[in-house]
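Below you'll find the structure, written out as structure tokens, and then a few comments.
Both backbone and side-chain heavy atoms feed into the values below; hydrogens, waters and symmetry mates do not.
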Amino acid sequence: MDFAARGTHTPQSWTDWDGRNVDVLDEEAETGIRVSTTSARSYRDKTDLLIDATVRRPQKVVEPASSLEIVDVDIEPCGTRYLLDVNGRVYRQVPGEGHLSPLGAVDLTDGEVVAIAMTADTLYVATVDTGTVRAYSRELGQLRWVKERGIHKPVGFVRDGDEVFLLDAGPHHGRGTLARVTRDARFRTIVIGLTDPIDADFDDAGDLYVLEPRLQPDSDETTEYVVRRIDGRALARPPVPATESIWVPPRALRSLETDSSFVPGCLATGAPGELLVGVDPTHDGERRLLSYRPERVGFDVQARFRAGCNRMVSVGTGDNRQVFVVNADGSLFRVDASRSYRADPTTGEVHGVVRTAFDAGMDDLQWHRLTLETTVPADTQVQVHYRATNTQPRDVQIEATDRGELRAVDGIGPRKARRLRQAGVEDLVDFLELSPETIATILSVEEVGVARSRVETWREEAASMDEGDLQAITGIGPIRKARLAAGGITSPQELAGLDVGLIASLVTRGIRTITPARAADWQDEAEGILASDPVRATFGTGEDWTTLSAADPRDVLLDANGRYLWVQLDLVGTEDAVPTVQSVDASYPRESYLSELPAVYREDEETSAFLERFLALFERILTDVDHEIADISTILDPQGIPGDMPHLAWLGEFLGVEVDEAWPTEATRSLIEQAPALYRKRGTREGLEEMIQLYLETVDVDRPDWNPALAREHHQLDRLVERGHLTPTARTEAIERHKELSDTSSESLVWIVERRELDAIDADAHAELFERLISCPMGFLVLCHPDLPEEQFRAIGRIVRFQRPAHASGRAVALRQRTVLPGEEGGRGFHTYLGVNTVLLSRELVLEEATLGQESVLGSREPDANLGVHARLDEEARLS
């Protein structure tokens, strides 16, 4: 059977629906509609105990098992956890594995350890009583360096990507610092003037948050706490004084649930502006994890623990964020983030409504079927209502309602109501859908920003001054001077070298006449007004609507006649889960398999109605099969088939293509499309080169530029000819090969070398080295550039393994940054890549083997912590 259809399948088409409290999804992994989300994430009831204080060491440890008391944790991007226990030992735990693997080389027993941090190649451990930081190589676990000078009282490490910072309380009150730690033991202070900092963290935007106590004047007693927020842009010009940067004042450190204050013990950040705080172990009361709500000037309770918080680490982004909490009893917890969904202010429930009208183009049409594609989690549902009419959509009046007058709220007068209506807030329902912060912004008067032309004048005046005070510049008074100083700008010379936009952002401040707290009180009053006199929903259904009794329908036979089919979807969810509607299809005209049966089956109205619904089950299945047959050419087209790997692998089976799941989708499509041509070249060098090039053209790899090295290479080739190591003919051939290199082709990343090519090497000593790599007469190598990532190198290795000729032996080899060939009589030779343009990189001095000025650069370098290169027994390495 053939049906016409009207439907909604794309994010753009969903925007044509009228809706309330719904979001249109336009994500790579998910499209459709669902209930609106709140601006803040929820961490409620997601607590998972990872490591308990009574967890034993792995069975393989010979020494007697003992309890583990964790003092700090750091998490790699892949999820691997590194735990520091109170005895100074470091353990490694892979997600999904219960056991812990001790790092034997790291064992501190000479001090009280307080913090750990892990980068791609270095492990840092801080000791609080001795005021030291140690750096260990991740490769061998050996000690690289110990830093003592300039460190006073380490509090913890702070991570920003792969950069590590040390939070130090300083020698005395008000002298705390945050310093960037480099791999070569340099400490650069970026924040000064911290007051006995407790914890710190960076958010995704690069802004720094610091938790501090505030002391009573002329006293050592702590009465309150604050959280400072330092703009990441200011940190680009260190050192930045930690003054006038309070983001969470003492009065805001209270629980909104109990309206009581608490003592913070640690903090972590989430999305920009999102702050999580854990209760201090010594604080009397419930142990909690709380999130800051600036619009309510307080904290929401997110999770509860059996002990207070000693350390907190936040990893991941968005809804995939995870927070690891080290409790006071030495146990480790994980809390997962999730989105909270917005409650409809008219009902108080997590509820969204959408409505539209499908146009069939003719009056009195009998509609046939409504088909929905939905995802419905437990405890949620999708309710469907419909009706048909010949009236055009613009003439159908959706029920008008009185949704509450803005001026009914005490404190919102005619002027404030007018400003709200200018911002699109028409009534109390709209008013409740905004955050208090947004309301305060709408109703507040903000200071006019400084014009770029005026800032340019400041810069010109500052550039003409040899020295002096910032206040000597026309237009910069004490207030603006203090704001510039907070951003690290203290002199005219520093001002002259800054970007105009950065200067303007530092001196501009908003003057808020309405606080978020006051706006939140207004919203509480508005909720009370609506609760005492409930309004009707914007979208309502009456007697002329048909409401399906079954929830979550996927296939509905319609009983509707009219040109326009009105469809209303009610999405009902919970705080943590809501349904999603991906698509809706309405088909017409009404026709079923009942019309194909003899007339006797249609004589009785009641039985024919049942039979029609029964046959509809088969109709839906067979209709879908008809559509799939009609679209069969799509799934046989490599460029048109759905992009997920099972579909592509299924299509590849027809041509005998072994699909590598590590390949990008576009590379797999091209492979299947070019399979017939590639099979004709399979087992040849040309076929292997084309296969590798096909893969590399679709992966994101930094392609090296060989050309700047050609001049240096020609010089080295001339020296080889002069010393008799290379014939002039071989030199010319090498230069010609290098001219063929392309910066955008796969040849810039890989090079194929066959055994027969070694015949061009005249010196037997040199040829012998390479013959070890290609010992088989029918062997070959695929040399990969040192900058090629490990994932791409492994993929090329699989290509070589499956595409090599049956009679040949070949493998992929990852080049080191340099290869040193021996010179005459065992002397030191020169740096070269076989068959590839040589790149001379930085070299090191080797006493009695290197010539200064030619082969060596004086300096200290320890790239891989190799024993025997830069290690001292009993100090930087241990034999085991």
Side-chain angles (χ1 to χ4, degrees), residues 684-686 688-689 692-693 696 703-788 808 810-844 846 849-857:
T684 67
R685 175 170 179 162
E686 181 182 3
L688 180 60
E689 289 175 342
I692 296 175
Q693 181 176 354
L696 291 178
R703 302 185 178 275
D705 183 5
W706 297 101
N707 296 331
L710 288 178
R712 295 193 299 270
E713 176 63 15
H714 293 173
H715 175 69
Q716 292 292 339
L717 291 173
D718 291 338
R719 293 181 61 188
L720 290 173
V721 172
E722 292 174 2
R723 298 187 180 188
H725 300 314
L726 193 68
T727 64
T729 302
R731 174 191 179 278
T732 302
E733 292 176 353
I735 293 176
E736 290 299 322
R737 286 199 302 271
H738 297 163
K739 288 181 179 179
E740 297 174 358
L741 290 175
S742 170
D743 294 338
T744 58
S745 71
S746 63
E747 292 179 341
S748 297
L749 294 168
V750 299
W751 192 264
I752 298 179
V753 180
E754 298 183 58
R755 176 64 174 80
R756 58 184 177 83
E757 295 183 69
L758 301 184
D759 296 337
I761 302 178
D762 294 335
D764 293 339
H766 297 167
E768 181 181 354
L769 291 175
F770 292 101
E771 288 174 357
R772 298 177 184 175
L773 299 176
I774 317 177
S775 57
C776 176
M778 302 303 296
F780 68 93
L781 296 177
V782 177
L783 305 179
C784 300
H785 193 276
D787 293 337
L788 194 69
R811 59 192 178 96
V813 176
L815 292 172
R816 294 177 178 268
Q817 289 187 338
R818 62 178 183 174
T819 301
V820 181
L821 299 179
E824 295 180 354
E825 299 180 357
R828 191 169 180 81
F830 299 94
H831 309 278
T832 182
Y833 293 145
L834 177 61
V836 182
N837 189 32
T838 299
V839 180
L840 294 179
L841 303 177
S842 59
R843 291 155 290 176
E844 295 182 356
V846 180
E849 294 186 19
T851 303
L852 288 178
Q854 177 181 351
E855 296 178 341
S856 304
V857 178

- Heavy-atom check, side chain of R811 versus side chain of L781, under 4.5 Å: yes
Shortest non-hydrogen pair, T727 vs V721, comes out as O-CG2, 4.2 Å
The reported gap from SG in C784 to CG in L696 (rounded to nearest 0.5 angstrom) is 8.5 Å
Across all chains, not counting sequence neighbours, the salt bridge (Lys or Arg N to Asp or Glu O under 4.0 Å) partners of R685 are E689, E754, E757
Would a 4.5 Å heavy-atom cut-off, applied to side chains only, mark D718 and R731 as touching? yes
Between the CD atom in E733 and the CG atom in L726, the distance rounded to the nearest 0.5 Å is 9.5 Å
Applying salt bridge (Lys or Arg N to Asp or Glu O under 4.0 Å) to E722 and not counting sequence neighbours gives none
